[in-house]
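Report on the structure given below.
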Amino acid sequence: EAQKAAEASLCAAGQKKFWEMHDLFFQNQSYLKTPELKNRADTLGLDAAAFNACLDGGKSAALVHEDVVAGFRAGIEGTPASFVNGRFIGGTVPLEELSALIDDELTRKSSRTETRR
């Protein structure tokens, strides 16, 4: 159901409601079938005809598919997944671990900058 949900988010983005749709998805991830996606669009007050035409017509399907393929090529096999300066982080990590990784990258950058001087 993630494919259609991603398409729905892009259809909502076309009406400047991407983040609102995103937030609705994460409030309850159990309801991501097409009729439920359309109900969520109604909840947001989207133009139903335009949203339904976008979703049913697969307007965003190719873009979502391209993103999935790009993710697989980058080594992503699931979510959440992040990169910090090219370093892959798979899965959920504690804030402290993520902060330490960012700090390490900032230190590396500072070292490289000072070496060039």
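The residues of the chain are indexed from 1 along the displayed sequence.
In this structure, the side chain of S9 engages the main chain of A6 through a donor-acceptor pair within 3.5 Å.
Applying the disulfide (SG to SG under 2.5 Å) rule to pairs touching residues 5-72 yields C11-C54, sequence neighbours excluded. For the salt bridge (Lys or Arg N to Asp or Glu O under 4.0 Å) condition, the pairs that include at least one residue of residues 75-93, sequence neighbours left out, are R87-D104, R87-E105. Among residue pairs with one or both ends in residues 42-70, those qualifying as side chain to side chain donor-acceptor pair (under 3.5 Å) are K38-D56; sequence neighbours excluded.
The side chain to side chain contact (heavy atoms under 4.5 Å, CB included) check on F26 picks up H22, Q29, with sequence neighbours excluded. Remark: K4 engages E7 in a salt bridge (charged side-chain N to carboxylate O under 4.0 Å, His left out) (not counting sequence neighbours). Taking the ring-ring contact (aromatic ring centres under 6.0 Å, His included) definition, one finds that F88 meets it with F83, sequence neighbours left out. Applying the side chain to side chain contact (heavy atoms under 4.5 Å, CB included) test to E97 and every residue at least two apart in sequence or in another chain returns V93, P94. Under the side chain to side chain contact (heavy atoms under 4.5 Å, CB included) criterion, S82 pairs with I89, not counting sequence neighbours. Residues satisfying the side chain to side chain contact (heavy atoms under 4.5 Å, CB included) criterion with A8, sequence neighbours excluded, are F25, L37, F51, L55.
Cluster partners of F18, using a side-chain heavy-atom cutoff of under 4.5 Å among ILVMFWY residues and allowing indirect links, are W19. Taking Ile, Leu, Val, Met, Phe, Trp and Tyr as hydrophobic and joining them when side-chain heavy atoms fall under 4.5 Å apart, one finds L95 isolated, its cluster having no other members.
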